[in-house]
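Chain letters run A, B, ... following the sequence lines, proteins first and then strands; every chain starts at 1.
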2 protein chains.
Amino acid sequence: MSLKHALLVLLESQPATGYDLRKRFAEHMGYFWSASHQQIYLQLKKLNAEGQVSCEITEQADKPDKKTYTLTEQGQASLQEWLCEPVKPCAYNDALLVKLYAGHLTDTEVLITEISRLREHNEKKLAIFQGLERDYQSLAPSPRQQMKLPFLTLRRGILEVQAWLSWSEEVLAALRD
Amino acid sequence: MSLKHALLVLLESQPATGYDLRKRFAEHMGYFWSASHQQIYLQLKKLNAEGQVSCEITEQADKPDKKTYTLTEQGQASLQEWLCEPVKPCAYNDALLVKLYAGHLTDTEVLITEISRLREHNEKKLAIFQGLERDYQSLAPSPRQQMKLPFLTLRRGILEVQAWLSWSEEVLAALRD
DNA sequence: CGACTCATGTAACTTGTTACATGATTTG
DNA sequence: CAAATCATGTAACAAGTTACATGAGTCG
């Protein structure tokens with residue numbers, strides 16, 4: 001697991017609240033990381049208990065206190081350590097493929113509906129990702145250089161959805177044969 | 001989640017022990033489902049408690065008792081129900097991409113090593129998958145027809161590793177620029 | 001006037017991981 | 001003679017999900 005590490009990475013650039021981090025996950029890491037707000041708050045609490053982040057509380061009238069987390073030196077160090085360890089290949093479990101594997105137990109229509117849904121979903125994602133890609137490409141050289149690595153993660157998102165789209169076409173053709 | 005459903009799918013074709021199922025996962029569903037033996041035994045126990053599978057115990061000298069699980073009518077029914085529900089898109093969390101995103105905090109060499117490892121890993125997978133693809137294509141028409149759906153899941157595995165390989169090349173080129 | 005934003009949490013539960021444990025038989 | 005195969009489990013822990021809760025301010 002490394003929600004903790006993902007949080008440390010985001011906190012490295014600037015202190016933030018759980019709320020901020022949740023938005024940054026959704027906006028910038030959406031195509032390779034998903035996290036619920038509960039998990040984020042929980043892991044921040046644990047990181048704080050471990051001394052990897054510090055927490056400054058701002059009281060607010062009529063709202064819950066705001067907790068701003070900052071990376072500590074210890075957090076920096078453990079992030080560095082993590083960066084040098086080889087990552088584990090991520091195991092993934094895909095219910096859709098289980099369903100297709102067992103497709104002989106149901107109507108072909110059910111499968112076609114699922115795959116069509118998948119295709120639509122990925123078409124929408126592709127449109128969004130390609131928009132982000134254009135934004136990147138129209139940047140001036142210097143900020144573009146700075147965004148090079150995040151852009152590579154976007155490229156991964158694009159290649160991934162394209163692979164799903166090619167596969168969807170293959171499967172729909174095979175199911176309709 | 002649906003390890004339970006994946007187990008029901010495998011049990012639909014024939015009764016099996018936890019041990020058998022673990023092997024069948026590794027052999028036939030390896031490219032879209034991973035499960036540890038502990039999880040398999042645990043979920044089988046739960047399915048049994050829920051009445052979705054029945055369990056027949058064979059005593060063996062010098063070995064743990066063998067437990068053969070069979071799908072019950074209730075299990076059949078819940079499998080049918082699951083097949084008709086839309087699947088949830090599977091959220092995936094990829095530590096490698098987090099690392100790349102934060103790559104400015106470490107040496108480019110570290111990143112190149114990771115991506116090279118990824119490429120090698122996927123090249124091996126591709127070779128295995130393409131072997132399975134050839135096996136399928138050399139089947140007689142009738143068994144080939146029967147294996148059509150599992151073959152489509154293999155195709156997914158192939159398109160997936162190819163997408164990883166294309167991306168690896170892009171990233172290595174960008175990191176070495 | 002309903003939905004969204006800000007801002008955080010608890011509680012109960014399910015799922016998954018890691019480490020440990022047993023022990024005979026077969027294969028290289 | 002070591003490793004894999006057969007065959008199952010417990011225990012402790014970590015991670016993730018789902019549902020529930022609060023409550024003002026703002027936008028269309």
Quiz item: With a cut-off of 6.0 Å (strictly less than), are more than 12 heavy atoms of other residues, nucleotides or ligands near CD of A:Glu56?
Solution: no

Quiz item: Please give, in whole Å, the distance from D:dC13 C1' to A:Lys4 NZ?
Solution: 11 Å

Practice problem: Check the surroundings of atom CD in A:Glu85: do more than 12 heavy atoms from other residues, nucleotides or ligands lie under 6.0 Å from it? | Solution: yes

Quiz item: Cation over ring, A:Arg156 on B:Trp164, under 6.0 Å and within 45°?
Solution: yes

Exercise. Provide, to the nearest angstrom, the distance between the CD1 atom belonging to B:Ile40 and the P atom belonging to C:dT15.
Key: 15 Å

Only pairs under 3.5 Å count here: list side-chain donor-acceptor contacts from residues 134-142 of chain B, not counting sequence neighbours, and write none if there are none.
{"residue": "B:Tyr136", "atom": "OH", "partner": "B:Arg144", "partner atom": "O", "Å": "3.4"}
{"residue": "B:Ser138", "atom": "OG", "partner": "B:Arg134", "partner atom": "O", "Å": "3.2"}
{"residue": "B:Ser138", "atom": "OG", "partner": "B:Asp135", "partner atom": "O", "Å": "3.1"}

Quiz item: Tell me: OH of A:Tyr41 to P of D:dG16, nearest whole Å?
Solution: 17 Å

Quiz prompt | Contact nearer the 5' end of DNA chain D, comparing A:Ser36 with A:Lys46 | solution = A:Lys46

Quiz item: Taking atom NE2 of B:His104 as the centre, does the number of heavy atoms from other residues, nucleotides or ligands within less than 6.0 Å exceed 12?
Solution: yes

Exercise. With a 4.0 Å heavy-atom cut-off, tell me which residues in residues 16-24 of chain B come close to DNA chain D, sorted by residue number.
Key: B:Thr17, B:Gly18, B:Tyr19, B:Arg22, B:Lys23

Exercise. Applying ring pair (Phe, Tyr, Trp, His ring centres under 6.0 Å), name anything that partners A:His37, two or more places apart in sequence or on another chain.
Key: A:Tyr41

Self-check item: Length of the line joining A:Gln38:CD and C:dT14:C1', which is rounded to integer Å
Solution: 15 Å

Self-check item: Nucleotide C:dG23, atom P - distance to NZ of B:Lys66 in whole Å
Solution: 20 Å

Exercise. Whole angstrom is fine here: how far is it from CD in A:Gln39 over to C1' in C:dT10?
Key: 14 Å

Exercise. Rounded to the nearest angstrom, tell me the gap between atom CG in A:Leu44 and atom C1' in C:dT8.
Key: 11 Å

Quiz prompt | Length of the CG-P vector between B:Asp65 and C:dT22, whole Å | solution = 18 Å

Quiz item: Which comes earlier along DNA chain D counting from the 5' end, the contact point of A:His37 or that of B:Lys45, where each point is its nearest nucleotide?
Solution: B:Lys45

